[in-house]
Amino acid sequence: MTAREAQAAPATSPVPRPAVLGDYETAARGRLDGRVWDFVQGGAESERTVGDNRRAFSRVTLRPRVLVDVSHCDTGTELLGARLRTPLGIAPTAYHQLVHPEGEVATARGAGAAGALFVVSIYASHTLEDIAAAAAAPLWLQLYWLRRRDLLAELVGRAAAVGYRAIVLTVDAPRLGRRHRDARNGFAIGPGIRAANLDPAVMTAAHLPGTGRSALADHAAEAVDPSVTWSDLAWLRERSDLPLVLKGILTAQDAALAVRHGADAIVVSNHGGRQLDRTPATLDALAEVVDAVGGAVPVLLDGGVRGGTDAFAALALGARAVLLGRPALWGLAADGAAGVAGVLDLATEELAHTMALAGRPDLGSLDRSAVLLRAERR
Ligand SMILES: Cc1cc2nc3c(=O)[nH]c(=O)nc-3n(C[C@H](O)[C@H](O)[C@H](O)COP(=O)(O)O)c2cc1C
Ligand SMILES: CCCCCCC(=O)C(=O)O
């Protein structure tokens, strides 16, 4: 069942006729506890980077070509050997059960209905195996480099055994960003929700409310290994034959190092503005990374993508695919699997529409000449 069918059928759909992804945001806002909402929406420190990710997309101008046959617009793409119906996928986000009882199992169903990639967080609230059983489209597994390397080795083995297609190592979080909303809320992961793939002994701090701090930040300080460097990637490589994707690259220097150390793909990401505040908007960093990589590996982007026209801009500037973080959680909170598929289908329809009006009937015909990215006014 596609999301459109799901929404057309019962008059009880909680998000009737969403016109833009922001309609899912509004619906999610009405359903979530304030502290969970702050955890989802919030960013690090002044949240300047959260806003900059969005502002960068508003500086894009489109340059349409005309008298092109656009009677069929194809959003299909290929990524690390897998065919996808859409270049829009789901970024890894922790603890989907915070926003919907069916958590990542529903997210996997929604992504499958849309034919979209789903990157599963190491902090998923369902097991890798249950998520895989619900999936009908490619899954990748995201890791943070935990001090407990035995857990990493176990996870990459389990992921391969149930068909995950890549390992994504997030490299922008040697410690957690200073998230003032979570600190003020003393945010902790509530009872009944757990990181289903990790040893509970590692997770204690993440569940301690009432400290006056973010329990997740305390957990990260305990559990994440901040001493990891480029040379450690070989350790992970030796334990998995799956392609290795590095998420959180923002500079040409690190992009070149990633290629040199054998990364199979790169995600240009500032973690949705949740880690180092005042990093560049991902759209502004994209061309630098794409140029440094020189086509050696695919480059993906996340951060601030809120519709098909944003995706069009990122794809034109060289991204092979684009990931949605918060919007997937809005869809999940609003309407479970149908909401996730609804977000992906709506954004993909918007992308196809933009492609038609811009005279670019397939992703291969999209290049930098399709957009102008105006410099930021100082
Ligand atoms: C609630 C939440 C949880 C997140 N959890 C993770 C995570 O577990 N691993 C990770 O690599 N990134 C995580 N991220 C960052 C996302 O993968 C992604 O980089 C970011 O959300 C993209 O920006 P967007 O939300 O503006 O689309 C999280 C983001 C949010 C909003
Ligand atoms: C590394 C400790 C917990 C991380 C929580 C998920 C996440 O990455 C986020 O942005 O939030």
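Numbering of ligands and ligand atoms starts at 1, following listing order.
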Which residue and atom name correspond to the protein heavy atom nearest [atom], and how close is it?
atom	value
atom 2 (C) of ligand 1	Arg274 NH2, 3.4 Å
atom 8 (O) of ligand 2	Tyr144 OH, 2.3 Å
atom 4 (C) of ligand 1	Thr93 CA, 3.5 Å
atom 18 (C) of ligand 1	Asp302 OD2, 3.2 Å
atom 26 (O) of ligand 1	Arg306 NH2, 2.7 Å
atom 5 (N) of ligand 1	Ala94 N, 3.1 Å
atom 12 (N) of ligand 1	Lys247 NZ, 3.0 Å
atom 21 (O) of ligand 1	Gly325 CA, 3.6 Å
atom 15 (C) of ligand 1	His271 CD2, 3.4 Å

Nearest atoms (heavy-atom pairs only) where Val70 meets Arg360: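 Nearest heavy atoms, Val70 then Arg360: CG1-N, 4.4 Å.
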Ligand 1 versus [X]: contacting region, heavy-atom distance under 4.0 Å:
X	result
Ser121	side chain
Val305	neither
Tyr144	side chain
Gln41	neither

Quick check on contacts: which atoms of ligand 1 are under 4.0 angstrom from a heavy atom of [X]?
X	value
Leu329	1 (C)
Phe39	1 (C)
Ser269	19 (O)
Arg326	23 (O), 24 (P), 25 (O), 26 (O), 27 (O), 31 (C)
Thr170	10 (C), 11 (O)
Gly303	22 (C), 23 (O), 26 (O)

Between the side chains of [X] and [Y], is a donor N or O closer than 3.5 angstrom to an acceptor N or O?
X	Y	answer
Asp345	Thr348	no
Gln41	Glu25	yes
Asn270	Asp172	no
Thr86	Thr75	no
Gln275	Arg179	yes

message: Counting only heavy atoms not in Arg368 (residues, nucleotides, ligands), do more than 12 fall under 6.0 Å from its CZ?
response: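 Yes, CZ of Arg368 has more than 12 neighbouring heavy atoms, counting only those of other groups under 6.0 Å.
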- prompt: Which ligand 2 atoms does Ala220 reach within 4.0 Å, using its non-hydrogen atoms?
  reply: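 Listed by number with element: 1 (C), 2 (C).
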Subset of ligand 2 atoms that lie under 4.0 Å from at least one heavy atom of Ala94: 6 (C)
query: Which is closest to atom 14 (N) of ligand 1 by heavy-atom distance: Pro92, Gly272, Gly42?
result: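 When every heavy atom of Pro92, Gly272, Gly42 is considered, Pro92 comes closest to atom 14 (N) of ligand 1.
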- prompt: Looking at ligand 2, does any of its N/O atoms fall within less than 3.5 Å of an N/O of His271?
  reply: yes
- prompt: What do you reckon, does His219 have a nitrogen or oxygen under 3.5 Å from a nitrogen or oxygen of ligand 2?
  reply: no
task: Ignoring hydrogens and angles, tell me if any N or O in the side chain of Ser125 forms a donor-acceptor pair with the backbone of Arg194 under 3.5 Å.
output: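 Absent.
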query: Any sub-3.5 Å donor-acceptor pair from Asp232's side-chain atoms to Thr229's backbone N or O?
result: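 Such a contact is found between Asp232 side chain and Thr229 backbone.
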statement: Honestly, for Met203 the part within reach of ligand 2 (heavy atoms, under 4.0 Å) is neither
query: From Trp235 CH2 over to Trp145 CH2, what is the distance, rounded to the nearest 0.5 angstrom?
result: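 Atom-to-atom, Trp235:CH2 and Trp145:CH2 are 6.0 Å apart.
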query: Rounded to the nearest 0.5 Å, how far does CD of Glu47 lie from CZ of Arg181?
result: 4.0 Å
- request: Check if Phe39 has a non-hydrogen atom at a distance under 4.0 Å from any atom of ligand 2.
  value: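 Under 4.0 Å: yes for Phe39.
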task: Mark the output for Arg179 as yes if a heavy-atom distance to ligand 2 is under 4.0 Å, and as no if none is.
output: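 Within the 4.0 Å threshold, so yes.
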- prompt: Can we call the ring centroids of His96 and Tyr123 under 6.0 Å apart?
  reply: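 Between Tyr123 and His96, which both carry aromatic rings, the centre distance is not below 6.0 Å.
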message: Check this for me: does any side-chain nitrogen of one of Glu78 and Arg320 sit under 4.0 Å from a carboxylate oxygen of the other?
response: yes
field: Salt bridge flag under 4.0 Å for residues Asp310 and Arg54
entry: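 Yes, charged N to carboxylate O under 4.0 Å.
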